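For reference, the structure is listed below as C-alpha cells.
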Amino acid sequence: MLDKLIFNSGSNPTSKSSLSVDLTPLTIFVGPNNSGKSRALIDIENQLTTRNAAQGEVIKQILIKPLSEDEAKKEIESLQVEPNQDEKHAGHVVLSRLNLRGEGISRILVYLDGMLREFQQPNELNREHLYQYYSLLTLRLDGRSRLSLTSSQGSSDLQGEPTNNLSFLFKNNKARMELRDIVFDAFGKYLVIDPTNIGYLRIRLSERAPETEQEERGWDEKSVLFHSKASLITEASDGVNAFVGMMISLIVGSPKVTLIDEPEAFLHPSLCSKLGKEISRISAHSNKNVFISTHSANFLMGCVQGKVPLNIVRLTFDGKSGTSRLLTKEQLTPLMRNPLLRSIGVLNALFYNYVVVTEADADRAFYQEINERLLAAGDPRGIEGCLFLNAQNKQTVWDIVKPLRELGIPCVGVVDIDILKEGGVVWKKPMLGAFFPEMKHETLGLERQKLFQAFKNTNKNMKTDGGLSLLSGSDKTACSEFFKSLSDYGVFVVPTGEIESWLQNLEIGRGKNTWLTSIFEKMGDDPNDESYVKPSEGDVWDFIGNIKHWLVNPERKGIPE
C-alpha cells in the first residue's frame with residue numbers, strides 16, 4: 001500500500017537533493033545514537049494516522065500507491081461491519097477489527113465516498129479520511145508496550161469473534177502452530193495457550209507439545225495436569241516476553257504498517273539474529289510494510305540473511321544537519337561474508353558516527369585509549385561516537401576503509417611511515433580505498449618514490465629512528481606536504497615513524513611484544529593519581545585531533561556520493 005518515503009536530507013549535509021526510497025516490505029533505519037531513527041518511526045505514524053499531518057523532522061512525505069475503484073471497495077469491505085443504531089449516518093460505513101494492541105475491538109465511522117476518492121488519489125488529495133483507515137491498521141511497538149503483549153487476557157465468547165490476541169490464537173490452530181514453531185526454534189520450548197484459569201487465557205511454555213488439541217484446549221484433569229507442568233511465560237525473562245510479544249503482534253494483529261523501535265531491547269545477541277530472520281520471513285510476499293529502528297548488528301544480519309527484499313537507510317545528525325543514505329543488501333553482504341571484516345565486527349560501524357582503522361590490535365587499543373582520555377578531559381580533540389577497528393597489516397586497512405566509505409561512513413586509515421616503502425599494487429590500495437581521484441595516483445606515486453629515496457639517503461630506519469625528523473630542509477617540507485595531501489583524503493601517516501614512537505617522554509621499552517602493556521602501565525589507570533597521563537599539547541594528542549578535524553568536516557574528501 002505504501003509506495004515511497006521521501007526524506008528531508010540527502011547523502012551528505014550539503015546535498016541539494018533529498019533521499020527518495022521505493023518501499024519494500026521491510027525498511028530498517030540504522031545509524032548512531034540520536035541520528036533520527038526513532039524519530040523516523042514517529043514521523044511515519046503521524047503522517048499516516050493524523051489528519052492532514054505536517055512534514056516530519058526526518059520524513060518529509062509518504063507516498064501511497066493508488067488503488068483502482070474496485071480495489072478500494074474491496075479494501076473497505078474487508079473491514080466493514082453492520083452499524084449499530086447510533087452509527088447510522090447517510091453516506092457513512094463502520095469499519096471494525098481486532099485492536100492491534102491485542103485487547104478489544106476498534107470501530108470507526110467513515111465517510112465512504114471520501115475514503116474511496118482518497119484511496120484512488122492518495123497523493124493528490126488531502127488525507128481527510130484515509131488517516132482513519134491507517135489508524136486502524138498501523139501499530140508502533142516500543143520496548144515497554146511489547147512486554148505487555150504476553151499478559152493473560154479474557155477468554156471472551158468462543159462462539160463469537162475473538163476480542164484479543166490470545167482468544168484469536170486459542171481459536172486459530174494455524175496461527176498458533178506457526179507461533180509455536182517460531183518459539184520452539186528460538187527457545188526449545190512449546191508455546192501453548194492455557195484456558196484452565198476459567199475466564200482467562202494464559203501463555204505457557206511447555207517441555208513437550210500437547211499430544212492432542214484437546215489436551216491443550218480442554219478443562220479436564222489431563223489438560224489441567226499438562227498445563228500445571230508448563231511454566232507461565234510471564235515468569236520468563238523480558239527477552240522471551242519481548243520476542244514472543246512481537247511475533248504475536250505480527251502474526252495475530254496482522255497490521256498493514258508495523259513500526260518497531262529497537263526490537264533488540266532485552267534480547268541476547270543470538271536471539272536478535274533469530275528475530276531479524278523471523279521478521280524478514282513474516283514480511284516476505286505480503287502487501288504490508290514493516291519499519292524498524294535498530295542499533296544491533298546481530299538483528300540487522302538476521303534481516304539481511306532473510307530472503308525478503310529490504311531497504312536499509314542510514315541516518316546521521318550532528319546537531320545541526322542530518323544525512324539519509326540508502327544502503328543496498330549487495331553492499332552489506334560482503335561485510336558479513338568476508339572473514340576479516342566479520343571477525344572484527346565491521347557491521348557495528350553502521351551505528352557509529354565515525355570509524356578509525358589501524359594496522360593491528362595494539363594500535364587500535366592505544367589510539368582508542370588516547371581518544372577516551374581526550375573525551376574524559378572534555379578536550380575538543382576527542383572524537384565522540386567513534387569506533388576503532390583493527391586490520392591485520394597496512395595493506396588490509398584499506399579493505400575495511402573502502403566498503404565503509406562506500407556506505408557513506410566517515411572512516412580514516414592510520415598507518416606507520418613505512419607506507420612510503422610500498423609501491424605498485426600495494427600503493428594502489430590506499431589510493432583506491434580512500435577514493436583519491438585517479439589523476440592524483442601517478443603524481444602521488446612519484447612523490448612517494450622520491451621521499452622514500454630521501455629517507456634511504458639518511459642511512460637510518462624511518463620507522464624506528466625518528467620518522468619525519470630524519471629529514472631536513474626542502475625534503476622535510478616536501479614530506480610534510482605529502483602527508484598533508486594524504487590526510488586530506490583521510491589517510492593518516494604516523495609522522496614520528498610508528499605507533500611505538502609516541503609519548504617518548506614516558507621512557508619505556510619499545511619492543512613490539514611488550515610495548516602496549518608497558519605504556520599502559522606508565523599511563524596509569526586512576527585519574528586521581530598524580531602519575532596518571534592526561535592530554536597535553538602536541539604528540540599523539542594532536543594526531544588524534546587532526547583525525548577528528550577530517551572526520552567532522554562536512555566537506556571532507558574521499559567519501560563517494
Side-chain angles (χ1 to χ4, degrees), residues 26 102 141 143 145-153 165-197 200-218 222-253 258 260 262-284 290 292 294 296-308 336 342:
L26 181 59
L141 293 172
S145 64
R146 54 183 176 256
L147 285 177
S148 65
L149 295 170
T150 54
S151 300
S152 64
Q153 296 176 341
N165 285 342
L166 297 194
S167 61
F168 180 94
L169 283 171
F170 191 72
K171 292 186 64 174
N172 191 305
N173 291 336
K174 181 180 177 182
R176 194 168 70 257
M177 293 306 131
E178 180 182 2
L179 183 61
R180 181 173 296 161
D181 288 343
I182 292 171
V183 172
F184 182 79
D185 183 59
F187 305 109
K189 293 189 177 182
Y190 298 90
L191 180 143
V192 293
I193 306 298
D194 171 17
T196 61
N197 183 17
Y200 291 91
L201 297 172
R202 300 175 290 188
I203 299 176
R204 289 186 180 270
L205 299 176
S206 174
E207 295 292 338
R208 67 170 179 86
E211 293 177 357
T212 64
E213 186 179 316
Q214 174 63 27
E215 186 177 35
E216 179 182 9
R217 300 179 66 192
K222 186 176 181 181
S223 297
V224 172
L225 181 62
F226 169 73
H227 286 296
S228 71
K229 292 182 178 180
S231 58
L232 289 169
I233 194 171
T234 51
E235 297 172 355
S237 68
D238 285 347
V240 172
N241 280 274
F243 182 98
V244 175
M246 282 183 276
M247 290 297 101
I248 289 174
S249 293
L250 291 170
I251 293 171
V252 178
T258 306
I260 308 177
E262 296 192 355
E264 67 272 13
F266 315 112
L267 302 184
H268 185 275
S270 62
L271 200 55
C272 288
S273 180
K274 284 183 181 293
L275 180 64
K277 291 177 183 176
E278 289 299 339
I279 288 178
S280 291
R281 184 187 62 79
I282 293 171
S283 302
V290 179
I292 296 173
T294 184
S296 167
N298 294 93
F299 175 82
L300 182 61
M301 285 181 68
C303 292
V304 172
Q305 289 166 351
K307 304 299 182 184
V308 66
M336 300 188 303
R342 191 172 64 241

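Numbers here are sequence positions counted from 1. Source: prediction; values computed, not measured.
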With Leu149, the side chain to side chain contact (heavy atoms under 4.5 Å, CB included) member among Leu141, Ile203, Val252, Val244: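 Exactly one option meets the side chain to side chain contact (heavy atoms under 4.5 Å, CB included) with Leu149, and it is Leu141.
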Check against side-chain contact (heavy atoms from CB on, under 4.5 Å), Ile251 and Ile182: CA-CA 11 Å; Ile251 293 171; Ile182 292 171; 3.8 Å; yes
Full working for side-chain contact (heavy atoms from CB on, under 4.5 Å) between Asn173 and Arg217: CA-CA 11 Å; Asn173 291 336; Arg217 300 179 66 192; 4.1 Å; yes
Nearest heavy-atom pair of [X] and [Y]: which atoms, and what distance?
| X | Y | answer |
| --- | --- | --- |
| Gln305 | Ser273 | OE1-OG, 4.3 Å |
| Gly218 | Pro195 | O-CG, 3.8 Å |
| Leu26 | Ser280 | CD2-OG, 3.6 Å |
| Pro269 | Asn298 | O-CB, 3.4 Å |
| Leu271 | Ala186 | CD1-CB, 3.9 Å |
| Leu267 | Cys272 | CB-SG, 3.7 Å |

Ser206 (side chain) donor-acceptor with Ala209 (main chain) under 3.5 angstrom: no
Side-chain (Arg204) to main-chain (Ala230) donor-acceptor, under 3.5 angstrom: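 Answer holds: yes.
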Distance, nearest 0.5 Å, that separates [atom1] of [X] from [atom2] of [Y]:
| X | Y | atom1 | atom2 | result |
| --- | --- | --- | --- | --- |
| Leu275 | Ile292 | CG | CD1 | 7.0 Å |
| Ile193 | Leu179 | CD1 | CG | 7.5 Å |
| Ile279 | Thr258 | CD1 | OG1 | 9.0 Å |
| Lys171 | Arg176 | NZ | CZ | 12.0 Å |
| Asp181 | Tyr190 | CG | OH | 9.5 Å |
| Ile233 | Ile248 | CD1 | CD1 | 6.5 Å |

For Glu264, side-chain hydrogen bond (donor to acceptor under 3.5 Å, both in side chains) partners two or more places apart: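 For Glu264 the side-chain hydrogen bond (donor to acceptor under 3.5 Å, both in side chains) partners, ignoring immediate neighbours, are Thr294.
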side-chain hydrogen bond (donor to acceptor under 3.5 Å, both in side chains) partners of Arg342, counting only residues at least two apart: none
Any heavy-atom pair between the side chains of [Y] and [X] that's under 4.5 Å?
| X | Y | value |
| --- | --- | --- |
| Ser237 | His268 | no |
| Glu262 | Phe299 | no |
| Val192 | His227 | yes |
| Ile282 | Val290 | no |

Partners passing salt bridge (Lys or Arg N to Asp or Glu O under 4.0 Å) against Glu235 (at least two apart in sequence or in another chain):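 Scan of Glu235 (salt bridge (Lys or Arg N to Asp or Glu O under 4.0 Å), adjacent residues dropped) gives none.
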Partner of Asp185 by salt bridge (charged side-chain N to carboxylate O under 4.0 Å, His left out), out of Lys274, Arg281, Lys277: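 Answer to the salt bridge (charged side-chain N to carboxylate O under 4.0 Å, His left out) test with Asp185 among Lys274, Arg281, Lys277: Lys274.
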Working for side-chain contact (heavy atoms from CB on, under 4.5 Å), residues Leu166 and Arg202: CA-CA 8 Å; Leu166 297 194; Arg202 300 175 290 188; 5.7 Å; no
Step-by-step side-chain contact (heavy atoms from CB on, under 4.5 Å) determination, Val240 to Phe187: CA-CA 8 Å; Val240 172; Phe187 305 109; 3.6 Å; yes
